[in-house]
Amino acid sequence: MSKSANYLISGVWKDSNDNITHVMLHPVNDGDSFNAGVKTSEADTIGLLKKGNVIKTVIWGYPGWSIKSKVTYVQSAGKEYLRSDANATTKDNLDNLISMKTIK
């Protein structure tokens, strides 16, 4: 069985400037099933993209998860940032995924 991505992102952590710092990254198995996620830095996620991995967003929609937008990266002012492909559906973009916050 094939798979549509190597990894999926279900949520993001952001800093006080609303920039993504980490993502909840899930390895994808054959048939597009996926494992529990691991908090992964933006830099490490970009490293996976540079190695040729395909990463997409995944969103919850009853009765299950749906694989959505392809994730890439861009460089601006000497820094690299994760970006989801622009499309007509904002809910599957990185900025609109589950907001993961550290419980204090």
Side-chain angles (χ1 to χ4, degrees):
M1 268 188 183
S2 65
K3 54 186 176 181
S4 61
N6 302 100
Y7 297 93
L8 301 173
I9 296 174
S10 63
V12 296
W13 282 264
K14 295 181 179 181
D15 63 16
S16 59
N17 295 319
D18 211 30
N19 295 314
I20 294 171
T21 60
H22 293 80
V23 299
M24 182 62 73
L25 194 67
H26 305 263
V28 178
N29 304 311
D30 286 342
D32 283 341
S33 66
F34 56 95
N35 298 329
V38 175
K39 183 178 181 181
T40 306
S41 72
E42 180 182 46
D44 287 345
T45 305
I46 290 170
L48 290 170
L49 288 166
K50 288 180 176 181
K51 291 179 181 175
N53 289 286
V54 175
I55 302 175
K56 292 187 177 183
T57 60
V58 62
I59 61 171
W60 176 256
Y62 186 80
W65 294 94
S66 296
I67 297 173
K68 295 293 186 175
S69 183
K70 186 174 180 182
V71 176
T72 59
Y73 69 97
V74 295
Q75 188 172 42
S76 177
K79 181 163 175 19
E80 295 174 323
Y81 300 93
L82 289 172
R83 290 287 178 258
S84 47
D85 282 349
N87 60 26
T89 307
T90 58
K91 70 180 181 178
D92 67 358
N93 293 333
L94 287 169
D95 279 341
N96 297 313
L97 295 180
I98 299 168
S99 176
M100 311 297 280
K101 296 185 180 182
T102 304
I103 298 172
K104 295 181 182 183

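Residues satisfying the side-chain hydrogen bond (donor to acceptor under 3.5 Å, both in side chains) criterion with Ser33, sequence neighbours excluded, are Asn29. Here Asp44 pairs with Thr40, Ser41 under the side chain to side chain contact (heavy atoms under 4.5 Å, CB included) rule; sequence neighbours left out. Legend: residues meeting side-chain hydrogen bond (donor to acceptor under 3.5 Å, both in side chains) with Lys50, ordered by chain and number and at least two apart, are Glu80. For Ser66, the side chain to side chain contact (heavy atoms under 4.5 Å, CB included) partners two or more places apart in sequence, or in a different chain, are Ile59, Lys68. With sequence neighbours excluded, no residue satisfies salt bridge (Lys or Arg N to Asp or Glu O under 4.0 Å) with Lys51. With sequence neighbours excluded, the residues that form a salt bridge (Lys or Arg N to Asp or Glu O under 4.0 Å) with Lys14 are Asp18, Asp95.
Side chain of Asp30 to backbone of Lys3: no donor-acceptor contact under 3.5 angstrom is found. Under a 3.5 Å cut-off, the side chain of Asn6 and the backbone N or O of Val54 do form a donor-acceptor pair.
Between Ile67 and Asp32 there is a side-chain heavy-atom pair separated by less than 4.5 Å. Counting only heavy atoms from C-beta outward, the side chains of Thr57 and Leu8 never approach each other to under 4.5 Å.
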Between Phe34 and Tyr7, does the side-chain contact (heavy atoms from CB on, under 4.5 Å) criterion hold? Intermediate values first, please.
CA-CA 8 Å; Phe34 56 95; Tyr7 297 93; over 6 Å; no
Apply side-chain contact (heavy atoms from CB on, under 4.5 Å) to residues Lys56 and Ser4 and explain how you reach the verdict. CA-CA 8 Å; Lys56 292 187 177 183; Ser4 61; 4.0 Å; yes
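The side chain to side chain contact (heavy atoms under 4.5 Å, CB included) with Leu82 is formed by just one residue from the set Thr72, Leu49, Val12; it is Leu49.
In this structure, Arg83 CZ and Ser76 OG are separated by 8.0 Å, a value rounded to the nearest 0.5 Å.
When hydrophobic side chains of Ile, Leu, Val, Met, Phe, Trp and Tyr are connected at separations under 4.5 Å, Tyr81 ends up clustered with Val74.
The shortest non-hydrogen separation linking Pro27 to Ala36 is CD-O, 3.9 Å.
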Under 3.5 Å donor-acceptor pairs involving side-chain atoms of residues 19-26, not counting sequence neighbours:
unit_1	atom_1	unit_2	atom_2	d
Thr21	OG1	Trp13	O	3.4
His26	ND1	Asn35	O	2.8
His26	ND1	Gly37	N	3.0
His26	NE2	Ser10	OG	2.7

